[in-house]
Amino acid sequence: MLTRRTFLKSSSLLALAPTLPIFLARTAHAADPQQAARILVVVQLDGGNDALNTVVPHADPEYAKLRPGLKVAASDVVKLNDSVGLHPSLRPLGDLLEKGRLAVMPGVTYPNPNRSHFRSMAIWQTAKFDPEEHAGYGWLGRALDAAGGNSALVGAGTVPTALRARRSVALSLTRPDDLLLNDAAAAKQALGGDAKDDLLAFVRRQAADGYGAAEKMAAQARASDAVYPGTRLAERLRLAAGLLKSDLGARVFYTVQGSYDTHAAQNFNHASLLREFGDAVKAFFADLDQAKLSDRVVLLAFSEFGRTIKENGSAGTDHGTTGAVFVAGGAVKGGLIGTMPSLTDLEQGEPKMTTDFRGIYATVLDKWLNCPSEQVLGAKFEHLPLL
């Protein structure tokens, strides 16, 4: 007798397994349409973004003293208020700022910040401080386990720790055709033929439906006349937008931009990276606006740490502590959120934390993903006025 176990062990339809979880996610969405409408897009600014030249305290005389060669002129910044502004390469985000759809948070880190790329990123991705817990589940994976839904990594690479989960499925996609089977002809042949056994017939029907849906999704994700810059991050956000429009079923999309590890020749490199980020995010929300999806999406951008407030001898900066976080979207309450850290009241030579990143996570979890943050983070954190 054909049992479920022997069928799964022997059937050529097992080749369909990588694509089936995409469609299973729709079951979770159907349970709560309000939750299904809300999407989180995470952009990891990899390598340690220089927060002091991203959110610039241009009116602080101490800033010019600390950065004689790297300082951004006050006349060039995108002003947030009379004393703080954004790096001029982020001017493409000006429209989001004017519409109150971009929140900028300086001074973000955690108690006793670690300056190791690996360790600090693990803390941000797990919201845990014990190294043994870094091998466990990520903060987003735990959230999706609790609230339902799956996630997708957009871009090359392995699925990040943040998306690791007990039950939630994380898919890695580099192009729309990744939704399809590698050997379509063999898959369709496997789906054909008569099936007297009820189990076999059921699985064949389910697989056929899944294969057809995957083809439709891939076609919809490819079909876009939106204009994006020809950069790697822009192409990844274009894919995320296409997958959103094709109703992939993921509640979280995650991508990475690097490298912000600007130990030398920082001025040109950092400006180029921020320009790539600003242009890509502008194009992404213009695409979503056209598709009437902007109110469904919140974008969160973070880096594992900031950089030293003093420039080094190689026209760059080294690993620091406090960073800057961006949150954008139609539901976001924009502007400068939180307090710029002091450049004179220091801790081990670097600015003190003014915002704990877990407060940002708690706000996103409770107010956007409708997921109990205390359950995910293991403690209660005060919300920020972001959403």
Side chains of Asp95 and Lys282 in contact at under 4.5 Å (non-hydrogen atoms):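 No - every pair of side-chain heavy atoms lies 4.5 Å or more apart.
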
Ion pair check, Lys352 and Asp345, cut-off under 4.0 Å: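 Yes, this pair counts.
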
So, does [X] use its side chain to make a donor-acceptor pair with the main chain of [Y] at under 3.5 Å?
| X | Y | answer |
| --- | --- | --- |
| Thr355 | Val108 | no |
| Ser294 | Asp289 | yes |
| Thr109 | Thr322 | no |

Quick check for you: to the nearest 0.5 Å, what is the distance between [X] atom [atom1] and [Y] atom [atom2]?
| X | Y | atom1 | atom2 | result |
| --- | --- | --- | --- | --- |
| Leu299 | Arg101 | CG | CZ | 11.5 Å |
| Arg251 | Leu40 | CZ | CG | 9.5 Å |
| Phe253 | Leu239 | CZ | CG | 8.5 Å |
| Ile39 | Leu369 | CD1 | CG | 9.0 Å |

Salt bridge (charged side-chain N to carboxylate O under 4.0 Å, His left out) with [X]: which residues, sequence neighbours excluded?
| X | answer |
| --- | --- |
| Arg164 | none |
| Arg115 | none |
| Asp295 | none |
| Asp60 | none |

Identified side chain to side chain contact (heavy atoms under 4.5 Å, CB included) partner of Val42 from the options Leu140, Thr255, Leu163: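 Testing each of Leu140, Thr255, Leu163 against Val42, the sole residue satisfying side chain to side chain contact (heavy atoms under 4.5 Å, CB included) is Leu140.
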
Could you tell me whether [X] atom [atom1] has more than 12 heavy atoms of other residues or ligands within 6.0 Å of it?
| X | atom1 | answer |
| --- | --- | --- |
| Asp82 | CG | no |
| Phe118 | CZ | no |
| Lys128 | NZ | yes |

Can you list every pair that meets salt bridge (charged side-chain N to carboxylate O under 4.0 Å, His left out) and has a residue in [range], with sequence neighbours left out?
| range | value |
| --- | --- |
| residues 129-138 | none |
| residues 300-324 | Asp261-Arg307 |
| residues 45-58 | Asp50-Arg67 |

Is there any ring pair (Phe, Tyr, Trp, His ring centres under 6.0 Å) pair reaching into [range], and which pairs are they, with sequence neighbours excluded?
| range | value |
| --- | --- |
| residues 283-306 | His117-Phe305, Trp124-Phe302, Phe305-His319 |
| residues 58-100 | His87-His270 |
| residues 322-346 | Phe277-Phe326 |

State, without any angle test, whether [X] and [Y] hold a side-chain donor-acceptor pair at a distance under 3.5 Å.
| X | Y | value |
| --- | --- | --- |
| Asn49 | Thr54 | yes |
| Glu235 | Tyr228 | no |
| Ser120 | Asn114 | no |

Full working for salt bridge (charged side-chain N to carboxylate O under 4.0 Å, His left out) between Asp279 and Arg275: CA-CA 6 Å; Asp279 286 340; Arg275 188 175 303 111; 5.6 Å; no

Side chain to side chain donor-acceptor pair (under 3.5 Å) pairs, two or more places apart, involving residues 329-339: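 The answer is none; no pair qualifies.
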
Contacts table for residues 373-387: side-chain donor-acceptor under 3.5 angstrom, sequence neighbours left out:
unit_1 : atom_1 : unit_2 : atom_2 : d
Ser373 : OG     : Asp366 : OD1    : 3.4
Ser373 : OG     : Asp366 : OD2    : 2.7
His383 : NE2    : Asp366 : OD2    : 2.7

